[in-house]
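One structure is given below, encoded as structure tokens.
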Amino acid sequence: MNATTATTATVVAPPTFHQRLPGLLLSVVIALVALGLGRIAPLIGGPVFGIVLGILVRNTMSPGGTYTPGIQFAGKQVLQWSIIALGFGLSLNQVAKTGLESLSVTLVTMTVAFLTAWALGRMLKVHDKLKILIGVGTAICGGSAIAAVTPIIKPDDHDTAFAISTIFLFNLVAVLLFPLLGHLLHLSDLGFGLWAGTAINDTSSVVAAGYSFSKQAGDYATIVKLTRATLIIPVCLVLAFATAWKQKKQGASDFSLRRIFPWFILWFLVASAVRTMGLVPVTIQPALHMAAEFLIIVALTAIGLSANLRRMASTGARPILLGLGVWAAVSVSSLLVQLVIGQL
């Protein structure tokens, strides 16, 4: 009886700091390399380099079980810290006016993204969690949105890596294609900024495409994108309650809404409120921004270190096709809504 109890306690006991240290150090070292590469190639960015390098190390060097506790900690806990840190860089006052102007387009494109992900995902027989990751990533803010919902729906790490890689692929296409199409369609600076801000995923890609078109388009696209990013908060809350309801319906004996609630989103709101109230000194804002960026690179590196390429390959081309379909639907719907409301 005592032996059984001891064994159970050993199984459920969380890893100690010393057990997590090797995996954490590995994630941090690779993330530092990714950060440097992201500075050299900002079009790709540190987070994408982090997840790619993590995947390469995982599938060529196969780090042993000693590294697993730290890698898992970085991929989950550090991920939540990175989302909270992002809140210090987002002033709600800064985006309020532009947010209201772009809200109609943003809400339509988000709805289109989720509906397309659901319908096309069913046709392609992509499983639910990967559909959610690709839908959220395309609808809101790419890798950051995927990072935010990961602790709630708890997908396999290789699904997270696959979703981020898919989102990045179409970000790259958008950066190269959108400015050309914008000029061919004779879009205004504000029209292109609204299109880029609502139809391209990651902030770095929105900035790259917007300023490639014009400075005014770049300024407008950036604010639209920041406003769009705040919608991850209600989306996370909806997913949390949906997950809780599903667990309760399935009769989970250990069901707890308090446990599943995304508390890090609440702290994200607190951080944003602190920034909005002017309590964050201007002198430390660049350091906070860099800290948030580095934390998310560390977290995504850890996710890459957990990703099994063989399992990803077994998923096939269907998630890529799903990402293409959702991205195309969002891009077209954004232009159509602007045409209807006369903002092109």
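Model, not experiment: these values are computed from the prediction. Values reported hereafter were calculated over all heavy atoms of this structure, with side chains retained and with hydrogens, waters and symmetry mates removed.
Residues Val330 and Thr198 share a closest heavy-atom pair of CG1-O, 3.7 Å. Contact between Ala74 and Ala302 at its shortest, heavy atoms only, is CB-CB, 3.5 Å. Of all heavy-atom pairs spanning Pro63 and Arg58, the tightest one is CD-CA, 3.9 Å. The two residues Tyr211 and Gly218 come nearest to each other via the heavy atoms CZ-C, 3.5 Å. Counting all heavy atoms, side chain and backbone alike, Val78 lies closest to Leu295 at CG1-O, 3.6 Å. Closest approach of Phe170 and Gly323 over heavy atoms only: CE1-C, 3.5 Å.
Environment of CZ in Phe294: crowded, with over 12 heavy atoms of neighbouring residues, nucleotides or ligands closer than 6.0 Å. No more than 12 heavy atoms of other residues, nucleotides or ligands shown are found within 6.0 angstrom of NE2 on His289.
The ring of Phe73 has its center closer than 6.0 angstrom to the ring center of Trp81.
Taking CH2 of Trp195 as the reference point, atom CG of Leu190 lies at 15.5 Å (rounded to 0.5 Å). Separating the CD1 atom in Ile30 from the CZ atom in Phe49 is a distance of 14.5 Å, to the nearest 0.5 Å. The OG atom of Ser331 sits 3.5 Å away from the CZ atom of Phe178 when rounded to the nearest 0.5 Å. Atom OG1 of Thr106 is separated from atom CG of Leu194 by 7.0 Å, given to the nearest 0.5 angstrom. Taken to the nearest 0.5 Å, the CG atom of Leu305 stands 4.5 Å off from the CD1 atom of Ile71. The distance from the CG atom of Asp159 to the CD1 atom of Ile164 is 11.0 Å, given to the nearest 0.5 Å.
For the pair Phe114/Val136, a side-chain contact is recorded, criterion being any heavy-atom separation below 4.5 Å from C-beta on. When side chains are defined from C-beta on, Phe192 counts as touching Pro179, because their heavy atoms get closer than 4.5 Å. Considering only heavy atoms from C-beta on, Thr166 stays 4.5 Å or farther from Leu322 through its side chain. At least one side-chain heavy atom of Arg275 sits less than 4.5 Å from a side-chain heavy atom of Gln285. Taking the side chain as every heavy atom from C-beta outward, Ile134 and Phe162 never approach each other to under 4.5 Å. Using a 4.5 Å heavy-atom threshold, the side chains of Leu133 and Thr150 count as touching. Side-chain contact between Arg20 and Pro14 is present, with heavy atoms from C-beta onward closer than 4.5 Å.
Panel note: side chain Lys129, backbone Asp156; no donor-acceptor pair is recorded below 3.5 Å. With Arg228 contributing its side chain and Gly197 its backbone, the two residues share a donor-acceptor pair below 3.5 Å. Ser27 contributes a side-chain N or O that, together with a main-chain N or O of Gly23, makes up a donor-acceptor pair within less than 3.5 Å.
Taking hydrophobic clusters as Ile, Leu, Val, Met, Phe, Trp and Tyr residues chained together by side-chain heavy-atom distances below 4.5 Å, Val105 does not share a cluster with Leu115. A chain of hydrophobic side-chain contacts below 4.5 Å, direct or via other Ile, Leu, Val, Met, Phe, Trp or Tyr residues, connects Leu185 to Phe213. Linking Ile, Leu, Val, Met, Phe, Trp and Tyr whenever their side-chain heavy atoms come within less than 4.5 Å leaves Ile297 and Leu25 in two separate clusters. Leu239 and Trp118 fall into different hydrophobic clusters, where Ile, Leu, Val, Met, Phe, Trp and Tyr residues are linked whenever their side-chain heavy atoms come under 4.5 Å apart, directly or through other members. Residue Ile296 is grouped with residue Leu37 when hydrophobic side chains (ILVMFWY) are merged at heavy-atom distances under 4.5 angstrom, including chains of intermediate members.
Listed by first then second residue, pairs satisfying ring-ring contact (aromatic ring centres under 6.0 Å, His included) with a partner in residues 15-35 number zero, not counting sequence neighbours.
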Take Ile146 and Thr160 through the side-chain contact (heavy atoms from CB on, under 4.5 Å) test and state the conclusion after the steps.
CA-CA 7 Å; Ile146 292 172; Thr160 305; 3.9 Å; yes
Does the pair Leu187 and Gln338 meet the rule for a side-chain contact (heavy atoms from CB on, under 4.5 Å), with working shown?
CA-CA 10 Å; Leu187 298 182; Gln338 288 188 68; over 6 Å; no
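Other members of the hydrophobic cluster containing Val332, listed by chain and number, are Leu336; membership follows side-chain contacts under 4.5 Å among ILVMFWY residues, whether direct or relayed.
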